[in-house]
2 protein chains.
Amino acid sequence: MATLKDVAEAAGVSRATVSRVINGQAGVNPETRTRVLRAIDQLNYRPHPVARGLATKRTRIIGVFVPTTVTRLFLDHFFPPLLQGVVQAAAGRGYNVMLSLFSDEGDRDSYAHSVHNGYMDGAIAVVSALMSNVLLPRLQAEGFPLVTVGRWPAMDAPSVDVDNRAGARTATEHLLRIGHRRLGTITGPRDLPMPQDRHQGFEDALRSYGIPVDRRLVVEADLTELGGMVAMQRLLEEKPEAVFVQSDTMAIGALKAIRAAGLRVPQDIALVGFDDIPLASLVEPPLTTIRQPIQLLGHMAVELLLDVLENPGNKNAHRQLQLPTELVVRASCGALRTR
Amino acid sequence: MATLKDVAEAAGVSRATVSRVINGQAGVNPETRTRVLRAIDQLNYRPHPVARGLATKRTRIIGVFVPTTVTRLFLDHFFPPLLQGVVQAAAGRGYNVMLSLFSDEGDRDSYAHSVHNGYMDGAIAVVSALMSNVLLPRLQAEGFPLVTVGRWPAMDAPSVDVDNRAGARTATEHLLRIGHRRLGTITGPRDLPMPQDRHQGFEDALRSYGIPVDRRLVVEADLTELGGMVAMQRLLEEKPEAVFVQSDTMAIGALKAIRAAGLRVPQDIALVGFDDIPLASLVEPPLTTIRQPIQLLGHMAVELLLDVLENPGNKNAHRQLQLPTELVVRASCGALRTR
DNA sequence: AGCGGCCTTGAAATCGGTTACAAACGGTGC
DNA sequence: GCACCGTTTGTAACCGATTTCAAGGCCGCT
């Protein structure tokens with residue numbers, strides 16, 4: 001490949017001048033500029049990113065960290081669109097994306113440590129409240145630019161997340177709007193932020209309809225399908241008209257429990273889930289649920305990170321974004337019945 | 001961060017010597033070596049990958065190219081485990097993975113062109129016979145090290161793929177073994193390599209049982225669920241006992257068509273699919289199918305690529321790997337009935 | 001004519017490593 | 001004692017860019 005030097009010689013100028021032209025710096029004579037541009041064109045020259053990276057100390061590479069401990073993430077509906085969002089947004093701003101799986105195995109894992117201060121200018125970390133994480137706080141403490149996808153209470157890094165509370169409220173209000181009054185809910189582990197937020201939204205909705213929260217109608221589960229099934233079995237004793245389930249996965253478990261009890265969805269019990277996993281539209285009946293703007297999440301994470309990277313003074317702006325969700329009405333809520 | 005120079009001063013040697021120690025080159029006095037190692041340890045020094053990349057002209061970054069035109073790939077069951085396989089294998093050999101989506105829009109897309117000869121030492125390209133691709137052959141022609149996942153007839157790059165023919169044969173033989181004789185098949189577009197291979201396998205199986213291929217029992221579709229449904233409707237007129245469907249997606253369509261005709265799977269018609277998509281185990285009845293070693297595909301692609309990268313003479317070895325598949329017996333084939 | 005200042009440009013240092021080459025050293029063989 | 005040799009180390013060039021600083025040319029002004 002042609003180098004800066006080749007271009008300089010071809011154009012009869014110094015390397016410094018060529019560099020100026022390439023980087024669009026002011027103070028280059030227009031004539032000289034066109035001469036340089038012509039040479040660049042003729043030689044089909046492209047600046048060598050590695051050399052540039054060495055000189056500028058910025059590689060225009062951002063990392064994406066995904067915990068390996070949660071291998072499920074890879075089978076998940078979440079990972080591909082998120083990654084797509086990240087890569088697209090990054091490419092649009094001239095950045096490359098480097099993928100890094102990392103585990104939590106403490107210092108043994110010098111991999112991630114060498115990754116940082118290595119190629120990446122900064123990184124987007126997918127955090128799951130389900131796992132403790134030693135690495136991320138350390139990286140952040142070392143001043144490595146980090147943006148998290150999902151909230152992680154122990155860290156105050158900029159983050160993007162969906163508005164779980166508002167989403168849950170919307171879902172619940174939908175059930176109320178179409179006439180259900182005796183509402184139950186299946187939550188995730190109540191010591192995690194996400195289930196807390198979604199439960200807040202549930203209560204918000206009840207409150208706005210002047211309905212008191214009945215503790216017997218609130219059952220906690222572990223976010224798995226089986227957990228949802230068990231929780232629903234318990235909930236059935238309370239004979240709710242409708243149930244807001246905090247995740248589609250659990251909702252599918254609930255569906256099975258309802259069926260097993262000889263009841264029908266939505267005629268006997270209406271169901272609303274959360275997440276809009278691909279399976280949600282495929283079960284019988286299809287789940288009404290809350291869709292997350294996953295790809296947008298990736299986009300915004302990139303914006304946030306680049307904002308930090310490119311204007312270092314700006315760190316106070318745009319922290320902790322919350323993106324709106326969308327209600328997807330299908331059959332499980334019984335809305336169609338009332339039309 | 002500490003640099004090579006710092007280490008050299010701390011250890012009282014020259015930078016060259018430190019470099020030798022780091023790279024494990026012979027011809028360093030053991031005493032000196034330990035002195036250097038101690039200094040490295042004390043300063044918590046790590047070689048700067050960018051600087052190293054500039055000097056050696058190897059970045060230890062490999063790319064993964066995924067076509068954006070097939071955005072479906074991102075929603076697909078294929079992408080996450082493949083990527084996981086690639087990243088893991090790469091990390092195991094000290095390589096980083098850079099993700100690149102690319103479209104096919106010809107020269108407009110200078111993105112990929114700049115990517116090449118940029119950071120990446122080489123790349124793994126996911127090819128889909130469903131799309132024509134201008135970029136990949138050009139990159140290869142320019143001498144850029146490339147390994148494809150999936151075969152692409154127009155290119156003779158090293159590749160990894162599943163053994164479609166053997167897999168299809170296994171699937172079909174399974175139907176024959178459990179007693180079915182009048183077999184139909186739903187194929188993908190017959191001008192593409194993958195459907196051709198799978199159909200070969202189907203015929204291999206029939207042949208090994210001495211059964212002639214009846215053209216009326218071979219119906220072509222477009223690999224979609226709807227296509228599978230339509231194809232099955234046509235196939236129903238021929239009253240097959242069992243059908244080998246070239247993809248789970250089409251098989252699910254076929255399932256619906258059979259149901260719509262008032263028939264039962266597997267009692268009236270047995271079904272075997274291919275791919276083992278996540279949905280395959282969730283439909284009613286669960287699909288018997290052929291599982292692909294997707295993660296392993298990623299692993300092997302990396303091995304192949306690094307083989308090319310690290311011993312450039314070796315290019316003849318290990319081209320065009322075919323990985324074995326696995327029969328997953330569930331309910332749709334009716335095997336359980338015969339037990 | 002002399003001076004200050006603006007616009008352009010180039011020389012050279014720098015980023016943090018690798019590596020070709022030469023030199024210093026102690027030991028052998030004759 | 002000398003030529004030779006292998007081991008170990010250092011010097012310096014190089015990878016391909018950016019960037020600081022100074023200098024040259026040209027202008028107008030006094």
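Any value given below was found using the heavy atoms of this structure, including those in side chains, with hydrogens, waters and symmetry copies removed. Keep in mind it's a predicted model, so treat the numbers as computed, not measured.
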Q | Length of the CD-P vector between E31(B) and dT8(D), whole Å | A | 11 Å
Q | Interatomic distance where OH belongs to Y119(B) and P belongs to dA17(D) [whole Å] | A | 12 Å
Q: Return no unless some side-chain N or O of N23(A) is found under 4.0 Å from OP1 or OP2 of dT18(D).
A: yes
Q.
Students often get this wrong, so: under 4.0 angstrom with heavy atoms, is T17(B) touching a base, only sugar-phosphate, or nothing?
A. sugar-phosphate
Q: May I have the distance from R20(A) (atom CZ) to dC7(C) (atom P), rounded to whole angstrom?
A: 14 Å
Q) So, for I61(B) and Y119(B), which heavy atoms are closest and what is the spacing to 0.1 Å? A) CB-O, 3.9 Å
Q) Any idea which of dG17(C), dG16(C), dA17(D) is nearest the Y45(B) side chain? A) dG17(C)
(Q) How many whole angstroms separate atom CZ of R33(B) from atom P of dT7(D)? (A) 14 Å
**Q.** Distance in angstrom units between R60(B) CZ and dG17(C) C1', rounded
**A.** 15 Å
Q: Would you kindly check whether a donor in the side chain of R46(A) faces an acceptor in the base of dG16(D), or vice versa, at under 3.5 angstrom?
A: no
Q | Residue-phosphate contact under 4.0 Å: S19(A) side-chain N/O, dT18(D) OP1/OP2 | A | yes
Q: Report the distance from atom CZ of R35(A) to atom C1' of dT8(C), rounded to the nearest whole Å.
A: 12 Å
Q: Looking at every strand, decide which applies to V13(A) at a 4.0 Å heavy-atom threshold: base, sugar-phosphate, or nothing.
A: sugar-phosphate
Q: Whole angstrom is fine here: how far is it from CG in L54(A) over to C1' in dA13(C)?
A: 13 Å
Q.
Between R15(A) and G27(A), which residue's closest nucleotide on DNA chain C lies nearer the 5′ terminus?
A. G27(A)
(Q) Using modelled atom types and a 3.5 Å cut-off, is there a donor and acceptor pairing between side-chain atoms of D161(A) and backbone atoms of R151(A)? (A) yes
Q.
If the cut-off is 4.0 Å, is R52(B) near the phosphate of dT18(C), judged by side-chain N/O to OP1 or OP2?
A. yes
Q) Distance-only, no hydrogens or angles: does the R58(A) side chain make a donor-acceptor pair with backbone N or O of L309(A) under 3.5 Å? A) yes
Q.
So does S159(A) get a backbone contact from the side chain of T148(A), meaning a donor-acceptor N/O pair under 3.5 Å?
A. no
Q. Looking only at side-chain N and O atoms, does S14(A) come under 4.0 Å of OP1 or OP2 in dG10(C)?
A. yes
Q) Between T32(A) and T56(A), who's closer to the 5' end of DNA chain C by nearest nucleotide? A) T32(A)
Q: Output the single nucleotide from dG16(D), dT9(C), dG17(C) whose closest atom is nearest the side chain of P47(B).
A: dG17(C)
Q. Looking only at side chains, do N23(B) and R52(B) share a donor and an acceptor under 3.5 Å apart?
A. yes
Q) Can you check the L4(A) CG to dC15(C) C1' distance for me, whole Å? A) 15 Å
Q.
The side chain of Q25(B) is closest to which nucleotide in this list: dG16(C), dT19(C), dT18(D)?
A. dT19(C)
Q. Of all the nucleotides listed (dG16(C), dC15(C), dG10(C)), which has the minimum atom distance to the side chain of H48(B)?
A. dG16(C)
Q | Nearest-nucleotide 5' precedence on DNA chain D, A51(B) against A16(B) | A | A16(B)
(Q) Considering every strand and a 4.0 Å limit on heavy-atom distances, what is the contact class for V28(B): base, sugar-phosphate, or nothing? (A) sugar-phosphate
(Q) Regarding K57(A), tell me which of base, sugar-phosphate or nothing describes its non-hydrogen contacts under 4.0 Å with the strands shown. (A) sugar-phosphate
(Q) Does the plane of the ring in F65(B) sit parallel, tilted or perpendicular to the ring in F144(B)? Use 30° and 60° as the thresholds. (A) parallel
